[in-house]
Amino acid sequence: MAYVITQRCCNDASCVSECPVDCIRPTPDQPEFATTEMLYIDPDTCIDCGACVDACPVEAIFPEDDLTASLARFRDVNAAYFQRHPLESNFDPIAAPTRPPKDLGTLRVAIVGAGPAACYAADELLRRSDVEVEIFDRLPTPWGLVRAGVAPDHPGTKGVSSMFESAFRRDTLQFYLNVEVGNHITHDELLEHHHAVLYAVGAASDRHMGVPGEDLPGSHSATEFVAWYNGHPDYADREFDLSGERAVIVGNGNVALDVARVLTVDPDELAKTDIADHALDALRRSNIREVVVLGRRGPLQAAYSSPEFMALAHLKGVDIVVDPADLELDPGSQAVLDDPDVEPSLALKYTLAQEFADAPRDPANKRIVFRYLASPTGLTGTDRVESLEYVHNELLSEGEQLIARATDRTGGLPASLVLRSIGYRGEPVTGLPFDERRAVVPNEHGRVIGEDGTPVPGVYVSGWIKRGPRGVIGSNRVDSEETVEGLIADFIAGKLGAPRADRAALRALIQQRQPDLVDRDGWRAIDQAERTAGKSAGRPRVKFTTRPDLLKAANG
């Protein structure tokens, strides 16, 4: 019996090093790791030891005999990967990570941000050196998108936070939550108290469609909607018009699929999750019966992953609708699909679309409708959104790329709610250089690069602000390891300035400027109060969604 990696996989890759027979691929040192949808276990090599299960932070690995109906297909998904990429064992010795000599003393690092990229970097520092780490975040809670971005019906994915909780029990790491860098403390002051400052602030804004009517009421970013239903305190008071029968999501990545599910699944199912109470109440009153997911390219180029697309087939009371005409491929796409070396995940994406197109439908069900080769051209309405206008596209080959170009065919969709989900975008960080085109802090392997082309001493980046908004939660682990490797190398080489003030001085400074500081004990109080409220309601937790409530819970 082999073990199988399933939809929940976050690409953390903790399982890879634990496997005694080296049967999990791709590995972090392989180029395809950066773009893969998930990891895979070779069924012919697996020895059923279960080491990978214990290492997985999101409970994504199961014995093949224990797969539920919704996960059973992943047995074939894992096997198909190795049919395309036969396993070649790697017998190269594992290089031990660099550790600073003890005579250099304690390395002090400030990390700005408390999401996965920040936490993976902190974890790597704690394992690699005699270190003191301070994590700063403007919110009263840690974990970033794990708390405020992962869909509530994906609780397994949120399990990575438990791994961080366990790693951060020591006093060598301190939380400075509800503290805003640039307001309560400056970048220069952080450098005065630390050898290095590492920014892992993500990509906080979103891209715009750039079409007329985009600013009408009823038009929002998916980022806002996701933060709203996840209880982000900055978005708890937002209102979304759910009175109409149709919503349109522009973009077809995994976030778009998350939003489509939340809008269509039975609220009684969501009531078993940690979804914010205000969102659950609104969804119970929702009139939305159909969600249209609009993608500018074809089904082969859709941005969602095949595991997330596959999971839609198991939604109760929801039909997944694909027009067979949308599956007629252009010559370039057909050539990709016909290639004997086509990636199994890509072929599966198209096969799933065909299955949805052929599936029976129940008129009583809600619907998620996928429309391909369509781009919005404008939103219309008087006082608010009433419809979305779009143009049909065609795919044309330009070199090795397939480019979507508008045709003269147009259409419209009546809708009271339009959510754009076309990508996140990084924002400038005060005191750091910024690449406006790529929306990242310019860097080389995590070292921030100044305008003169040389590294800025003691300043580093990790996560989306380093590489752009791509990858999944676990992708930040390898990314953070690279940054930490460079930081430690610079510390050993004497390239980092020594702190001019100690930890006690830092805490005194912060407490003077921000009396509502939330430290580790404050976060534990919030966490315990939410879990206790959830236990009585049969839920993982009931979130506090306003700053006053969070601070009240932090203070007991």
Side-chain angles (χ1 to χ4, degrees), residues 98 100 104-126 128-129 131-138 144 173-174 176 179-204 426-469 476 478-503 505-506 509-510:
T98 306
L104 289 181
T106 300
L107 170 63
R108 302 203 62 242
V109 181
I111 298 179
V112 182
C119 292
Y120 277 119
D123 182 49
E124 184 70 8
L125 284 164
L126 292 171
R128 299 253 314 251
S129 60
V131 66
E132 291 177 347
V133 177
E134 274 84 31
I135 290 183
F136 294 81
D137 199 281
R138 68 181 188 85
L173 182 139
Q174 299 290 339
Y176 284 86
V179 175
E180 186 173 3
V181 175
N183 179 16
H184 300 114
I185 189 169
T186 68
H187 169 74
D188 289 341
E189 287 171 332
L190 286 179
L191 282 174
E192 289 176 4
H193 290 82
H194 302 87
H195 291 91
V197 182
L198 191 158
Y199 286 85
V201 293
E427 295 182 335
V429 178
T430 301
L432 271 62
F434 191 70
D435 183 334
E436 286 287 351
R437 185 183 64 82
R438 298 179 57 220
V440 298
V441 172
N443 69 94
E444 291 181 0
H445 306 295
R447 294 181 176 94
V448 172
I449 301 299
E451 294 181 358
D452 62 356
T454 63
V456 179
V459 187
Y460 304 83
V461 286
S462 187
W464 282 1
I465 198 63
K466 169 187 174 183
R467 70 181 188 276
N476 293 293
V478 175
D479 183 83
S480 295
E481 287 175 352
E482 178 187 61
T483 295
V484 170
E485 179 70 30
L487 190 159
I488 290 178
D490 291 346
F491 179 55
I492 294 172
K495 296 180 180 180
L496 305 182
R500 294 193 291 275
D502 61 14
R503 262 189 155 179
L506 174 66
L509 176 65
I510 297 295

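For reference, positions follow the sequence shown, starting with 1.
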Contact check, side chains of H194 and L496, non-hydrogen atoms, under 4.5 Å: no

Atom pair CG/CD1 of L173 and I135 - distance to nearest 0.5 Å: 4.5 Å

Any side-chain heavy-atom pair of V109 and V197 under 4.5 Å: no

Sub-4.5 Å side-chain heavy-atom contact between S462 and E482: no

Any donor-acceptor N or O pair under 3.5 Å, side chains T454, D452: yes

Check: V461 main-chain N/O paired with T483 side-chain donor or acceptor under 3.5 Å: yes

Rounded distance (nearest 0.5 Å) linking atom CG of D479 with atom CD of E124: 11.5 Å

Pairwise distance NZ(K495) to CG(L487) - rounded to 0.5 angstrom: 12.0 Å

Shortest non-hydrogen contact between I465 and G426, atoms and distance: CD1-CA, 4.3 Å

Atom of N476, atom of P116 and distance for their closest heavy-atom approach: ND2-CB, 3.9 Å

Partner set under salt bridge (Lys or Arg N to Asp or Glu O under 4.0 Å) for D137, not counting sequence neighbours: none

Residue pair P433 / I449: nearest heavy atoms and the distance that separates them: CG-O, 3.3 Å

Under 3.5 Å donor-acceptor, S480 side chain and Y120 backbone: no

Atom pair CD (E481) and CG (D123), whose distance is rounded to the nearest 0.5 Å: 9.0 Å

F136 and Y176 aromatic ring geometry - parallel, tilted or perpendicular at 30°/60° bounds: parallel

Exam field: side chain E189 to backbone T186, donor-acceptor pair closer than 3.5 Å: yes

Non-hydrogen side-chain atoms of R503 and E134 separated by less than 4.5 Å: yes

4.5 Å side-chain heavy-atom contact, L125 and L107: yes

G468 backbone acceptor or donor facing R438 side chain under 3.5 Å: no

Nearest-0.5 Å distance, CD1 of residue I510 to CD1 of residue I185: 4.0 Å

Pair Y460-N443, side-chain donor/acceptor within less than 3.5 Å: no

CA sep, side-chain torsions, deciding dist, call: Y199, V441, side chain to side chain contact (heavy atoms under 4.5 Å, CB included): CA-CA 9 Å; Y199 286 85; V441 172; over 6 Å; no

Heavy-atom side-chain proximity of V131 to L126 below 4.5 angstrom: yes

Considering all heavy atoms, the nearest P428-E436 contact: CG-OE2, 4.2 Å

Presence of salt bridge, D502 and R108, under 4.0 angstrom: no

Heavy-atom closest pair, residues G105 and F491: O-CZ, 4.1 Å

L191/H187 under side chain to side chain contact (heavy atoms under 4.5 Å, CB included): CA gap, chis, key distance, verdict: CA-CA 6 Å; L191 282 174; H187 169 74; 3.5 Å; yes

Spacing of CG belonging to L190 relative to CG belonging to L509, to within rounding of 0.5 Å: 9.5 Å

Residue pair I488 / R128, side-chain heavy-atom distance below 4.5 Å: yes

Any side-chain heavy-atom pair of V448 and P442 under 4.5 Å: no

Taking every non-hydrogen atom, the tightest pair across E427 and A204: OE1-CB, 3.9 Å

